[in-house]
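Shown next, in structure tokens, is the structure this report addresses.
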Amino acid sequence: MRQWLEGLETRKGLDRLTDGSRRLVLGSYGLLLVLMVYRGVIVTTDGNPLVPLLAFVLPLALFLPSILTRRPRGHAWLAFVSLLYFTQGVMVATLPGQGLRGSAEALVALALFVGCTAYARFRSRQQRAG
């Protein structure tokens, strides 16, 4: 795996790989935020409608400064958090009538994981090189 990644870096270049993984992170992060806002609105019970919304959105929103400042370590931590959303999406997909929404959530969270891990690797190597 390491040799394959190093070969990819040589063929494509760190700048191009970093930019591509950043676009994947931004797109999947935004889409996951939209899905979580939608889910928070749907789950709203008779109580305070803000509680479910905050429970789904707040963990993602805490990583916004790391994404905006392009910190590799913040992206690495976001990759770990995205696995929680992936697990949640898989569990929701098993519920009757929720297969499409759960599958979408799991796929977007998986894309966020891949993008964050790739960005953390390529950006940190880019910073070391330059």
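No hydrogens, no waters, no symmetry mates; every other heavy atom, side chains included, goes into these values.
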Do [X] and [Y] share a hydrophobic cluster (ILVMFWY, side-chain heavy atoms under 4.5 Å, transitive)?
| X | Y | value |
| --- | --- | --- |
| Leu17 | Trp4 | yes |
| Leu31 | Leu53 | yes |
| Leu83 | Val114 | yes |
| Val25 | Val57 | yes |
| Val108 | Leu62 | no |

For Ala120 against Pro72, the heavy-atom pair lying closest together: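 Minimum heavy-atom contact is CB-O, 3.5 Å.
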Is the closest side-chain heavy-atom distance between [X] and [Y] below 4.5 Å?
| X | Y | answer |
| --- | --- | --- |
| Arg22 | Ile67 | yes |
| Leu78 | Tyr29 | yes |
| Arg71 | Pro65 | yes |
| Arg101 | Tyr38 | yes |
| Gln88 | Arg39 | yes |
| Phe63 | His75 | no |
| Glu105 | Phe86 | no |

Approximate separation, where rounding is to 0.5 Å, of [X] [atom1] and [Y] [atom2]:
| X | Y | atom1 | atom2 | answer |
| --- | --- | --- | --- | --- |
| Leu32 | Leu107 | CG | CG | 11.5 Å |
| Arg70 | Tyr119 | CZ | OH | 5.5 Å |
| Asp19 | Phe122 | CG | CZ | 11.5 Å |
| Leu24 | Leu112 | CG | CG | 8.0 Å |
| Ser103 | Gln98 | OG | CD | 10.5 Å |
| Arg16 | Leu14 | CZ | CG | 12.5 Å |

Residues forming a side chain to side chain contact (heavy atoms under 4.5 Å, CB included) with Ala79, sequence neighbours excluded: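 Expected list: Phe113, Cys116, Thr117.
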Within 6.0 angstrom of Leu95 CG, more than 12 heavy atoms from elsewhere: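 Yes - once you tally the heavy atoms of other residues, nucleotides and ligands closer than 6.0 Å, there are more than 12.
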Verdict with reasoning, Val37 to Phe56, per side chain to side chain contact (heavy atoms under 4.5 Å, CB included): CA-CA 7 Å; Val37 167; Phe56 293 126; over 6 Å; no
